[in-house]
> 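I have a structure here, written as structure tokens, and I will follow up with some questions on it.
Proteins get letters first, then strands, A, B, ... in listed order; numbering begins at 1 in each.
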Amino acid sequence: DTGVSQDPRHKITKRGQNVTFRCDPISEHNRLYWYRQTLGQGPEFLTYFQNEAQLEKSRLLSDRFSAERPKGSFSTLEIQRTEQGDSAMYLCASSDPGQGTDTQYFGPGTRLTVL
Amino acid sequence: SQKIEQNSEALNIQEGKTATLTCNYTNYSPAYLQWYRQDPGRGPVFLLLIRENEKEKRKERLKVTFDTTLKQSLFHITASQPADSATYLCAVGSSSNTGKLIFGQGTTLQVKP
């Protein structure tokens, strides 16, 4: 069990550029979540997948955000035309509700800075 | 509106004392509540889960209570150590089985030697 990994760990971009983040969940976990966290706040739900199906998206997720999990394994989160307000830590988590709970295991996060 | 509230002020205690953190929620009927620890620059780490039909849960020096009448959970760390210094997050899960967690803003605990 190597845990949840995220890549890159840090990303600095200029306003208006597109960025893509990757998340590799724990291998046997079928649920994958994306959250966003700003300084001094708790993580904020963005979206989640059950296998390859995206089952819920937050109203906070504007049209500039898109997430995929094409084969039910790794996931990508893309932000188009980045804005300074997108600067945050983007966290990925995975879980296996078949274990009887939905404990989520988080990755280290990708810190995005939009200049 | 739905809210999860934790003490926004940092909690400073002396080593060896018991730390008590509070989580209050409004306009939710959570099926369970979880507590996570987060160190600076890292993702949250799961600590304990307590279900709506449980009053108390323990794990080593940690204890969580869940009062669905008061809509409150208390998180206790006994015999606190400087290594317990971190931000502690409370999260509620809905009963809709989506697994989505709604987090409080977290409380920072500082344990002084």
> Decide whether L47(B) and L33(B) are clustered together by the hydrophobic rule: side chain heavy atoms of Ile, Leu, Val, Met, Phe, Trp, Tyr closer than 4.5 Å, transitively.
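In one cluster with L47(B): L33(B), yes.
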> Examine M89(A) and Y48(A) and state if one hydrophobic cluster contains both, with Ile, Leu, Val, Met, Phe, Trp and Tyr joined whenever side-chain heavy atoms are less than 4.5 Å apart.
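Yes, same cluster.
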> Please tell me whether L77(A) and F45(A) are part of a single hydrophobic cluster in this structure, the criterion being side-chain heavy atoms less than 4.5 Å apart.
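Per the 4.5 Å side-chain linkage, L77(A) and F45(A) are not co-clustered.
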> Using a cut-off of 6.0 Å, state whether more than 12 heavy atoms not belonging to R64(A) lie near its atom CZ.
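Correct, the count exceeds 12.
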> Under 4.5 Å heavy-atom distance to chain B, tell me which part of Q37(A) shows up: side chain, backbone, both or neither.
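Contact with chain B involves the side chain of Q37(A) alone.
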> Return the option, out of G43(B), C90(B), P44(B), with the maximum number of heavy-atom pairs under 4.5 Å with chain A.
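Option with the greatest count: P44(B).
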> Looking at F106(A), is its backbone amide N or carbonyl O close enough to the side chain of Y36(B) to form a donor-acceptor pair, meaning the two atoms are under 3.5 Å apart?
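No.
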> Hydrophobic cluster membership, with links at side-chain heavy-atom distances under 4.5 Å among I/L/V/M/F/W/Y: are F21(A) and I26(A) in one?
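Different clusters.
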> Can you name the nearest heavy-atom pair linking L89(B) to G42(A), along with the distance?
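Closest approach of L89(B) to G42(A): CD2-CA, 4.0 Å.
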> Might you confirm whether atom CD of E60(B) has over 12 heavy atoms from other residues, nucleotides or ligands at distances under 6.0 Å?
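Open: at most 12 neighbouring heavy atoms sit under 6.0 Å from CD of E60(B).
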> Give a yes or no on this: more than 12 heavy atoms of other residues, nucleotides or ligands lie within 6.0 Å of atom CD of E68(A).
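No.
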> My understanding is that only residues two or more places apart in sequence, or in another chain, count here; which of them pass side chain to side chain donor-acceptor pair (under 3.5 Å) with N7(B)?
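By the side chain to side chain donor-acceptor pair (under 3.5 Å) rule, N7(B) matches no residue at all.
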> Is it the backbone or the side chain of L55(A) that comes under 4.5 Å from a heavy atom of chain B, or both, or neither?
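Neither part.
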> For K71(B), look at atom NZ and say whether over 12 heavy atoms of other residues, nucleotides or ligands are found less than 6.0 Å away.
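Correct, the count exceeds 12.
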> Taking every non-hydrogen pair under 4.5 Å, which of A93(A), C92(A), P108(A) racks up the most with chain B?
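Looking at each of A93(A), C92(A), P108(A) in turn, P108(A) comes out on top.
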> When hydrophobic residues are tied together by side-chain contacts of less than 4.5 Å, even through go-betweens, does V92(B) share a cluster with L74(B)?
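They do not share one cluster, since no chain of ILVMFWY contacts under 4.5 Å joins V92(B) to L74(B).
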> State the CD-CG distance between Q38(B) and L91(A), to the nearest 0.5 angstrom.
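Here the rounded value is 6.5 Å.
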> When only heavy atoms count and the cut-off is under 4.5 Å, which of residues 101-113 of chain B reach chain A?
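Contacts with chain A: L101(B), F103(B), G104(B), Q105(B).
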> Looking at every heavy atom in both K100(B) and Y33(A), which two are closest together, and how far apart are they?
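Result for this residue pair: N-CE2, 4.0 Å.
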